[in-house]
Structures are given as structure tokens and as C-alpha cells.
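Here is the structure we will look at.
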Amino acid sequence: MSVVLGIDLGGTALKWAVRPPDATARDLIAHGSMPTGADRTAIVAAMTDLVHRVDVEHGRVHAVGVGVPGHVDRATGVVRFLPNVSGDWGGFPLGAALRRDTGRPITVLNDARAFCLAELTMGAARGRRDALFLTLGTGVGGGVAVGGRLLVGSDDRLGEIGHLTYDRSGPRCGCGNRGCLELYASGPALVRGLRERTGRRPDSPRAVVAAADAGDGPAAEVLARAGRAIGETLASLCAVLPAEVAVIGGGVAAGLPALRPHIERALAERAEFIGPVAVVAAALGPMAGALGAALAASSHPDEPSGRAATGRSHRADEPERRST
Ligand SMILES: [Zn+2]
């Protein structure tokens with residue numbers, strides 16, 4: 001049996017998922033996670049070891065997809081910008097290095113786009129044509145599907161919804177801009193928001209959500225501001241990119257019940273122009289990124305089963321197939 005391996009490289013954890021090569025299959029053969037290595041050499045070695053381990057334990061790995069939290073050249077697999085993973089990554093040919101070390105076709109893509117591909121193909125947006133995606137975590141990532149296809153740009157930046165300006169007079173963002181959505185809706189933004197209002201130091205975004213759920217006023221205000229920022233940003237996007245559904249995922253999405261009324265209100269205020277937009281929770285959980293990376297690998301042009309994966313229900317994979 002042959003399989004595809006999807007890897008989701010994060011700043012602290014490397015998650016992986018093993019799937020059948022057929023992009024239409026819904027099975028997850030195996031999955032796991034390990035701490036992210038201390039530097040680039042260790043991380044590449046860990047990925048190579050993982051390929052060989054999966055070969056032995058689950059079947060020959062025919063293709064590998066790697067989602068990374070940054071910008072990558074989709075055509076070459078060269079990393080452009082990867083600020084939150086240890087090591088010197090700018091300009092590193094990750095795709096070529098892994099191909100050399102493993103002998104397998106490698107697809108490198110942005111981790112948020114991997115999440116979107118999974119949710120579009122087999123998750124909350126399955127069967128939808130026009131969708132926007134947001135992942136709320138350490139940062140805010142996203143993606144755009146139009147006509148059932150995930151839109152893909154050359155450096156995999158298409159979908160950086162977290163870096164749209166929400167408040168031009170807001171604080172400085174890591175991207176160089178001011179007042180990006182990410183500064184209001186990410187996990188660190190929730191923690192910082194409660195600290196600024198109360199002097200308290202919640203130990204996680206989840207603690208802010210729990211406080212709001214328990215009736216804490218300042219925590220509820222922080223979530224209201226985040227929800228408002230998300231809703232207004234999505235509403236603006238929908239002026240250009242009509243969407244029937246907005247899929248919200250990521251670690252902070254546990255707060256969706258508290259965020260949702262504020263998101264929906266902002267969308268409703270513009271409903272006459274943008275039409276109805278359903279706000280739904282992501283369906284695939286924390287393995288979505290690894291699953292999406294595996295789905296992208298299924299569509300790699302060097303992967304025989306990728307070429308076979310055509311047909312009405314595979315529209316979501318086509319941009320990936322063209323991309324490398
Ligand atoms: Zn920014």
C-alpha cells in the first residue's frame with residue numbers, strides 16, 4: 001500500500017498525518033505530533049526520519065506535503081519568510097532539501113492554506129463554492145475559495161486576512177503595518193487586551209474565553225472587540241469576494257460562541273450589499289493543517305495518484321496540482 005504524508009510545521013510542534021493517496025478518500029491512517037526541532041538541520045532531519053518511519057509502519061510514502069507558518073514559493077518550495085520557527089529559513093530550498101533526503105515529491109505550502117484546503121475538501125466548507133477562512137491562533141491566517149477552488153498565489157500569501165488593516169491608529173504589527181486584524185483577534189491579542197483593561201495576566205487565550213463565559217465583563221469586552229474586528233473585516237472582504245460561508249478555526253476558535261454574535265452583527269449590517277454569510281466553526285480540529293498538507297501532496301504533479309484525482313468533487317485540489 002502507498003500513502004501520502006502531510007506535515008504541519010509549527011513553532012512548537014510538528015504534527016503529521018498519513019492518508020491514502022486518493023484525494024477523495026476520507027480516511028486518516030495515522031497521525032501524531034512531536035516537538036519542533038531546535039534548528040533547521042534538526043527539523044529537516046526529523047521530517048526525513050518521519051518519512052522513513054511511516055514507510056515501515058504504514059506503507060510506502062509516495063509524496064509529502066509540508067505546511068509552514070510563513071511564505072513559500074509554491075513553484076520551487078523555497079521558503080521566503082518564516083519568522084516563528086527556530087532556525088535561519090529565509091531563502092532555504094526546503095522542498096529541494098527534503099526531496100534530496102527522501103527521494104519523494106515534496107509540496108511546500110503555507111500552513112493556513114493547508115488548513116483551508118482540508119476544510120474545503122473534507123471539512124466545514126465541503127460542497128461550498130464561495131468561502132472565506134480564518135484561523136485564529138498565535139497569528140491570524142486565512143484563505144479564500146471561489147467557485148469551489150482555493151485561491152493560491154505564487155508565494156502563498158493569498159489569504160493573509162490577519163494583516164488587513166482594522167484600525168489605522170492601532171499598534172504596530174510584526175508585518176510593519178499598524179492596526180492589523182491580527183492585533184485584535186489572535187490569541188496573544190486576547191491576552192494583551194485583558195491585561196490592558198484590568199492589569200490581570202491571563203495565562204492563555206483560553207483563560208480569557210473562560211472568564212468571558214463566566215460573566216467577566218472586561219473579558220467579554222475583549223472578545224466583543226475581537227468579534228467586531230473579525231466581522232467588519234469579513235464584511236469588507238465580502239464586498240470583493242462574495243462568500244456563502246465563513247469558516248473559523250484555530251486554537252482561539254474555542255471562543256467562537258462568544259465571538260459569533262459580534263461577527264454576525266457586523267456581517268448583518270452590510271447584508272444588503274454582501275448577502276447572507278453563515279459563520280461556521282472549522283470541523284477538522286488541530287490536525288487540519290497536516291491533513292491539508294497531505295491533500296496538497298496528493299495533487300503533486302509527480303505523484304501518480306495526483307493526476308488521477310480529477311473530477312467534479314476535486315475542484316479544491318486543482319490549484320495545488322498546478323502549483324508545483
Ligand atoms: Zn500585520
Side-chain angles (χ1 to χ4, degrees), residues 8 10-13 15 33 35 69 84 111-112 115 119 123-124 132-142 161-175 177-236 245-269 277-289:
D8 181 12
T12 56
K15 297 180 200 140
S33 84
N84 297 322
D111 61 350
F115 158 88
E119 290 288 344
L132 295 172
F133 301 84
L134 269 185
T135 59
L136 311 176
T138 308
V140 172
I161 295 169
H163 295 285
L164 291 176
T165 304
Y166 175 64
D167 179 359
R168 184 154 299 288
S169 60
R172 183 75 71 184
C173 179
C175 75
N177 188 27
R178 281 191 177 279
C180 290
L181 173 63
E182 182 167 298
L183 297 169
Y184 302 90
S186 66
L190 300 187
V191 170
R192 191 178 58 246
L194 189 57
R195 194 182 63 223
E196 285 171 359
R197 276 175 170 74
T198 65
R200 278 151 44 200
R201 295 185 171 274
D203 59 5
S204 67
R206 223 167 254 276
V208 181
V209 173
D213 287 348
D216 182 87
E221 281 172 28
V222 171
L223 284 163
R225 185 181 67 165
R228 185 77 204 172
I230 293 166
E232 287 189 15
T233 304
L234 289 175
S236 283
V245 65
V247 177
I248 315 279
V252 179
L256 188 56
L259 296 168
R260 187 196 296 276
H262 307 283
I263 300 173
E264 290 179 340
R265 193 168 305 128
L267 289 166
E269 286 167 11
V277 183
V279 177
V280 303
L284 299 174
M287 295 311 291

* To do: May I ask you to test the Leu284-Phe115 pair for a side-chain heavy-atom distance under 4.5 Å?
  => no

* Indicate yes or no: at least one non-hydrogen side-chain atom of Ile161 is less than 4.5 angstrom from one of Leu181. => yes

* Distance, nearest 0.5 Å, that separates SG of Cys175 from CG of Leu183 -> 8.0 Å

* **From CG (Leu136) to OG (Ser186), nearest 0.5 Å** => 8.5 Å

* Do Leu132 and Val247 have side-chain heavy atoms sitting under 4.5 Å apart? -> no

* Asked: Taking 4.0 angstrom as the limit, do Glu232 and Arg265 come out as a salt bridge?
  -> no

* Below 4.5 Å, heavy atoms only, C-beta onward: do Thr135 and Val140 meet side chain to side chain? -> no

* Is there a side-chain contact between Leu194 and Pro218, using heavy atoms and a 4.5 Å cut-off? -> yes

* Asked: If you round to the nearest 0.5 Å, how far is NE2 of His262 from CZ of Arg225?
  -> 12.5 Å

* Salt bridge between Arg200 and Asp216, side-chain N to carboxylate O under 4.0 Å? -> yes

* Asked: Looking only at heavy atoms, what is the nearest atom pair of Tyr184 and Pro171, with distance?
  -> OH-CD, 3.6 Å

* Structure fact -> Here the gap from Cys173 atom SG to Tyr166 atom OH, rounded to the nearest 0.5 Å, amounts to 15.5 Å

* Check whether more than 12 heavy atoms from other residues, nucleotides or ligands sit under 6.0 Å from atom CZ of Arg178, and answer yes or no. => yes

* Asked: Listed by chain and number, what are the side chain to side chain contact (heavy atoms under 4.5 Å, CB included) partners of Arg168, not counting sequence neighbours?
  -> Thr165, Asn177

* **Reported CD1-to-CG distance for the pair Ile248 and Leu259, which is rounded to 0.5 angstrom** => 8.0 Å

* **Distance in Å, Leu134 CG paired with Ile263 CD1, rounded so as to fall on 0.5 Å steps** => 8.0 Å

* Asked: Which heavy atom in Glu119 sits nearest to a heavy atom in Gly285, and how many Å separate them?
  -> OE2-N, 4.4 Å

